[in-house]
K.L.:
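Sharing a structure with you now.
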There are 2 protein chains.
Amino acid sequence: MSQVLFNSIQQKVQLSEIEMEQCRGFFLAKKLPKKHYLLRAGEVCAYIAFVEQGLLRSYTIDAKGNEHVLQFAPEGWWISDNYSFLTGEPSSYFIDALERAELLLLKCRAMEEMLQKVPKMERFFRLLMQNNLIAQQRRTLGTLSFSAEERYIRLLNQYPEIVQRAPQHLIASYLGITPETLSRIRKKIASRA
Amino acid sequence: MSQVLFNSIQQKVQLSEIEMEQCRGFFLAKKLPKKHYLLRAGEVCAYIAFVEQGLLRSYTIDAKGNEHVLQFAPEGWWISDNYSFLTGEPSSYFIDALERAELLLLKCRAMEEMLQKVPKMERFFRLLMQNNLIAQQRRTLGTLSFSAEERYIRLLNQYPEIVQRAPQHLIASYLGITPETLSRIRKKIASRA
DNA sequence: GCTTTCCGTTGACATAAGTCAAGAAAGAAA
DNA sequence: TTTCTTTCTTGACTTATGTCAACGGAAAGC
């Protein structure tokens, strides 16, 4: 059993050795080279992906052709398009690798079987979704309450490794600002320090 | 068993008559008059609330003293501060009634007991959280992709009853704009129609 | 029914952030 | 190395939205 996955699960529910091994069997290991896609808009999202190694991100392209980063997923995080995964409808998101990644994929069918066999995992996913929701609500409120500069500083404090590993224009996209604005903010901060 | 709650649950998982009645026993009925609070910042959020009747909202007050509406919850919706509920930490949200409301409250302890007794409810809450997360992600992307006017029109299309029932300055707060800007947007739209 | 408070509207002006364009720097490819 | 992209920076200008202040009308309380 992957140590990273083990930690992610054990942090929320207590599984026995046996249950852990049972779970492991439902995942599919996959390596994803840099810039390769796990999901493209228009496709159905067949997997929930757990990141063992590397860095992924999900994003949309809006009607004006602008990209908007929804999520970064470094080691230990889960990523997918929940809507498409749940409903089987085509996705409107892209998911690709910013760094070469090692993933554990969980197909819809496999997930249902896993939940049957190891009911505690239902609780695990409930808690996972609940925590994701909490974080997402904070992001929404952050976008409404703070200026671009404040949001950047908060991101830097909360997820320094992501700011460091992802290219700057993607950080800008995540924050909902243009690369130019982020560049100016960084300059301003640097001149203060 | 309340018909509204029954529908909310049955839409996601199939419960037998008996399971439904068992669940019912864990909820606490409560009437909340208009402008009364279910939760104030600083308190621990003891309940997840299901709205049978009426209209609630949750909001924060930021460092500059500005209110930001996180959620409106009309009949059939669930509302709480997940973070505080889950961790027992003090909340930073307020939840109050915009219209006189009838609620079904689920305390933390009662919820755990319910999940023990009716394991399918674990699945229900997983799906509920997952759907909330999907909606919240869309809101985040909406805030990043659309102008104030576009966001207002989208809200109007998606939740016309909320726009109608909540005062305009709270709609503005939800959209992340000032009441003045919303007033101007509405004028502009009216002049076009 | 009168008074007070709250809410929405409007105008004038301020400002954060976006746009467009050019060039510099840094990485990737050859 | 040299070339070719991609990413980041900087400047000049535009624009959406915020701020402040005044006013009118509707609702709430007495």
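Every chain is numbered from 1, with letters handed out A, B, ... down the list of sequences.
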K.L.:
Should Asp81(B) and Ser58(B) count as side-chain neighbours, where that means a heavy-atom distance under 4.5 Å?
P.N.:
no

K.L.:
Does His169(A) place a side-chain N or O at less than 4.0 Å from the phosphate oxygens OP1/OP2 of dC8(D)?
P.N.:
yes

K.L.:
So does Lys35(A) have more than 12 non-hydrogen atoms from other groups sitting under 6.0 Å from NZ?
P.N.:
no

K.L.:
Would you kindly check whether a donor in the side chain of Arg184(B) faces an acceptor in the base of dG8(C), or vice versa, at under 3.5 angstrom?
P.N.:
no

K.L.:
Would you mind reading off the distance between Arg186(B) atom CZ and dT10(C) atom P, rounded to a whole angstrom?
P.N.:
11 Å

K.L.:
For dA16(D), does either OP1 or OP2 sit under 4.0 Å from a side-chain N or O belonging to Ser147(B)?
P.N.:
no

K.L.:
Could you tell me how the ring of Trp78(B) sits relative to the ring of Phe125(B): parallel (under 30°), tilted (30 to 60°) or perpendicular (over 60°)?
P.N.:
perpendicular

K.L.:
How many Å lie between CG on Asp62(B) and P on dG18(D), as a whole number?
P.N.:
13 Å

K.L.:
Just the rounded figure in Å: distance from P of dG27(C) to CZ of Arg165(A).
P.N.:
16 Å

K.L.:
Would you say the side chain of Glu180(A) and the base of dC20(C) hold a donor-acceptor pair, judged only by whether the two atoms sit under 3.5 Å apart?
P.N.:
yes

K.L.:
Establish, with yes or no, whether the OP1 or OP2 oxygen of dA17(C) is under 4.0 angstrom from a side-chain nitrogen or oxygen of Thr178(A).
P.N.:
no

K.L.:
Hey, which sits more toward the 5' end of DNA chain D by its nearest nucleotide, Lys35(A) or Lys35(B)?
P.N.:
Lys35(A)

K.L.:
Any side-chain N or O of Gln168(A) less than 4.0 Å from the OP1 or OP2 oxygen of dT9(D)?
P.N.:
yes

K.L.:
Is NZ or CZ of Arg165(A) both nearer than 6.0 Å to the six-membered ring centre of Tyr159(A) and within 45° of the ring axis?
P.N.:
no

K.L.:
Reckon Lys187(A) has a side-chain N or O less than 4.0 Å from the OP1 or OP2 of dT9(D)?
P.N.:
no

K.L.:
Write down the distance between NZ (Lys188(A)) and C1' (dT10(D)), rounded to a whole number of angstrom.
P.N.:
16 Å

K.L.:
What is the distance, rounded to the nearest whole Å, between atom CG of Leu144(B) and atom C1' of dG18(C)?
P.N.:
14 Å

K.L.:
Just to be sure I understand the rule, does Leu182(A) reach a base, reach only the sugar-phosphate, or reach nothing, if contact means heavy atoms closer than 4.0 Å?
P.N.:
nothing

K.L.:
Would Arg109(B) pass as a cation-pi partner of Phe26(B), given that its NZ or CZ must be under 6.0 Å from the six-membered ring centre and within 45 degrees of the axis?
P.N.:
no

K.L.:
Can you tell me the distance, in whole Å, between the CZ atom of Phe146(B) and the P atom of dT17(D)?
P.N.:
13 Å

K.L.:
Measure CD/Glu150(A) against C1'/dA17(C) and give the value in whole Å, please.
P.N.:
14 Å

K.L.:
Nearest-Å distance, CD1 (Ile177(B)) to P (dT19(D))?
P.N.:
12 Å

K.L.:
Using OP1 and OP2 only, check whether a side-chain N or O of Thr181(A) sits under 4.0 Å from dA17(C).
P.N.:
no

